[in-house]
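A, B, ... follow the sequence lines: proteins, then strands. Residue 1 opens every chain.
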Number of protein chains: 2
Amino acid sequence: MQPSPRATIRDVAARAGVSVATVSKVINDRYGVSEQTAAHVREVIAELGYEASLVAQSLRNHQTNVIGILVADLEPFSAELLKGAGDAIRGTGFELVVYSAGGRVGGHVGWEQRYLSRLSGTLVDGAVLVTPTVVGVNYGAPVVAVDPHTGPAGQPTIDSDNVTGARMATAHLITLGHRRIALLGGRPDLLSAQLRERGFRQAMAAGGLPVEEELVRIGEYDPEVSAAQARLLLALPDRPTAVFAGNDLSAIATMRVADELGLRVPDDLSVVGFDDIPEASQCSPTLTTIRQPIREMGSRAVELLIGLIRGAEEPADTHIMLPTSLVVRNSTRAPAGLPPQDRSTS
Amino acid sequence: MQPSPRATIRDVAARAGVSVATVSKVINDRYGVSEQTAAHVREVIAELGYEASLVAQSLRNHQTNVIGILVADLEPFSAELLKGAGDAIRGTGFELVVYSAGGRVGGHVGWEQRYLSRLSGTLVDGAVLVTPTVVGVNYGAPVVAVDPHTGPAGQPTIDSDNVTGARMATAHLITLGHRRIALLGGRPDLLSAQLRERGFRQAMAAGGLPVEEELVRIGEYDPEVSAAQARLLLALPDRPTAVFAGNDLSAIATMRVADELGLRVPDDLSVVGFDDIPEASQCSPTLTTIRQPIREMGSRAVELLIGLIRGAEEPADTHIMLPTSLVVRNSTRAPAGLPPQDRSTS
DNA sequence: GCTGACAACGAAAACGTTATCGATAACGAT
DNA sequence: ATCGTTATCGATAACGTTTTCGTTGTCAGC
């Protein structure tokens, strides 16, 4: 017993003894059909288990009620962002489809364009681009960028306050009494990495501390690369007493390296991360970090996008910047020899 | 300068001086058009930047070339599975759309049905269900289940060898010399949790060890719940020297609790997990665990599904079971007082 | 009993494709 | 010249909707 090949609007019309136009009106709550017949049609619809074909509707209406979200890879940050996007989309009548480039982006600028040209206007009504390498391109469909590589220009953008966050992280370490503070930066081509480095330097300057370039490394936001750099840092003759890592993944990798080398966190080394991904509160020791409201960034992105799709005339350079905050956990402490002082800075 | 409203096949036909039928044939490499005109049409297509409307094609062809993957939530396991699915789908001509229930499933049996009825036959050609609560339902479109709650029945299914995995994990601990071994099980309604408990009991029996029911707890695969249970376990007067956790998330939570209580892993407590999610090799200490080939499970699922969509007549009870393996890292050791022995069991 | 207004409904075009099938032309064989 | 064959191409119906607009019926008001 194979299932009957799916009822169409014509089947419903025939069965209810009305025209397809009437059925359509009932479905869409359009004016011009008596409550009596409407009720009857609804009965038949339920009886047949009819559901309108999204494909046909899309063709007719020139919109698919689907929005796409493009990510380079599904690391914890993207996954968290997806959750936020998923939260925001519920109840809006839109569906969310996720495209992952599967991590094979590899510094390839413009990966998102390949996807979007195929998709836009035919499969999705708009898209959220996560960490796009290119902004300002006209894709023929609304697009909002989250945490883009390049500065906000031409496209609505969402990110968090990277500069202030980095400043808070560094100030926290300085307040604890650290003086030799290393920076394990992100990928230099990413705007967020540049901003975090800027915040770091600002805080160091404000604290009257010189930035020793020897202690500024590039971890590329990647656990492997960061681990290698951490190994170098901690092998230095006059090694840093604290590390500010560009993201939590790097920070966790750093803590692991410290552990391998017999250094205890936070006793021998303080570590601060950035992002506050779920793992930050799970690992041991739990990680002091800068919280980005990742989920909210996801939510706001789809809300903004849906607004654009519905025709809202946002200025092209809308830029939503969400606040960051310091979350103090167990990976930071005053350096050996100093009594612990202030623990709250934010 | 707004973008011209997207070229249609008719525009191409007009510009190239041929009929739409001919253009269609060129696009789909159908027989019946001379190489000359084909070349010319291709030129015009490039010139206009024409891309066929996926929506119109879907309506006409009764297939969307999209497959859906439904997950309850985006925890690390699902995310990893998605990557595998993404790998497998590249180059097949299918697109992958991800639906996440956003974690609000909450033991609600049948959440997947709501989604699928709207989707199948209209937005997707088939679907992969991750950890579905219901199997054997006819959705009118091909479906394959990954790691289902209930036993394999009526639907092609993919999972890993949970029983053997759990047996290996437990045997590893027994070989190290542990005798008081606790089980921090998963959600009792999940088949995988039941099978892992079975494997645990088999290994204990094989080792001649009694299972003390006091040491068998339910962690529900959830970090919070597991942490609470771990606290109880480790506060026991005669506390276990080793814990076999139902998944890595629980194992990591257990290690954190141990840390809080001043117990050192692996010196004072050995911990084994299950899954081998990326975090398992990142945390400190790194986690001894049972590796499930999660990505491969994702790949195999979409391969199987695409086969079904293409008309392959798989028997409805196809059941692919992938092997598990023991990965020994730094969270296990012989109990205090005993010299370390065998470290390799697999 | 007419007219006008209004509510309820349906016929048909359109959205952008693809498949079928008939039309035309070219050409070799009879 | 006629026929059959083959290669190339185009007109058209269909896929399942929505929307426009015309048709019909009803009824109040004169």
Which residue lies more 5' along DNA chain C, comparing A:Y31 with A:K25 via nearest heavy atoms: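 Final value for this comparison: A:Y31.
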Comparing A:G32 and A:V20 on DNA chain C - which has the more 5′ nearest nucleotide: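 Final value for this comparison: A:G32.
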Round to a whole Å and report the spacing from [atom1] of [X] to [atom2] of [N].
X	N	atom1	atom2	answer
B:L54	C:dT17	CG	C1'	11 Å
B:H40	D:dC9	NE2	P	12 Å
A:D29	D:dT19	CG	C1'	16 Å
B:R6	C:dC15	CZ	P	15 Å
A:I9	C:dG10	CD1	P	12 Å
B:R30	D:dC9	CZ	C1'	16 Å
B:Q63	D:dG16	CD	P	14 Å
B:I27	C:dA19	CD1	P	11 Å

Position toward the 5' end of DNA chain D (nearest nucleotide), B:T22 or A:Q57: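 The residue whose closest nucleotide sits nearer the 5' end is B:T22.
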Residue whose closest nucleotide on DNA chain D lies nearer the 5' end, B:L59 versus B:A21: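 It is B:A21 whose nearest nucleotide is closer to the 5' end.
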Rounded distance (nearest 0.5 Å) linking atom [atom1] of [X] with atom [atom2] of [Y]:
X	Y	atom1	atom2	value
A:L82	B:L74	CG	CG	6.0 Å
A:S58	B:L123	OG	CG	7.5 Å
A:N28	A:N61	CG	CG	8.0 Å

Quiz item: B:R60 side-chain donor-acceptor pair to C:dT17 base, under 3.5 Å: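 Flag unset: no donor-acceptor pair detected.
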Side chain of B:H62 - closest among D:dT17, D:dC15, C:dT17: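 Selected nucleotide (nearest to the side chain): D:dC15.
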B:E43 with B:R15: basic N within carboxylate O range, under 4.0 Å: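 Between B:R15 and B:E43 there is no salt bridge, as every charged N stays at least 4.0 Å from the carboxylate O atoms.
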Salt-bridge present (A:E35, A:R42; N to O < 4.0 Å):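 Looking at A:E35 and A:R42, the cut-off is met.
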May I ask you to evaluate whether [X] reaches the phosphate of [N], defined as a side-chain N or O under 4.0 Å from OP1 or OP2?
X	N	value
B:S19	D:dG10	yes
A:T37	C:dC9	yes
B:N61	C:dT17	no

Which part of the nucleic acid, if any, lies within contact of [X], taking any heavy atom under 4.0 Å across all strands shown: a base, the sugar-phosphate backbone alone, or nothing?
X	answer
B:S58	nothing
B:S34	sugar-phosphate
B:R10	base

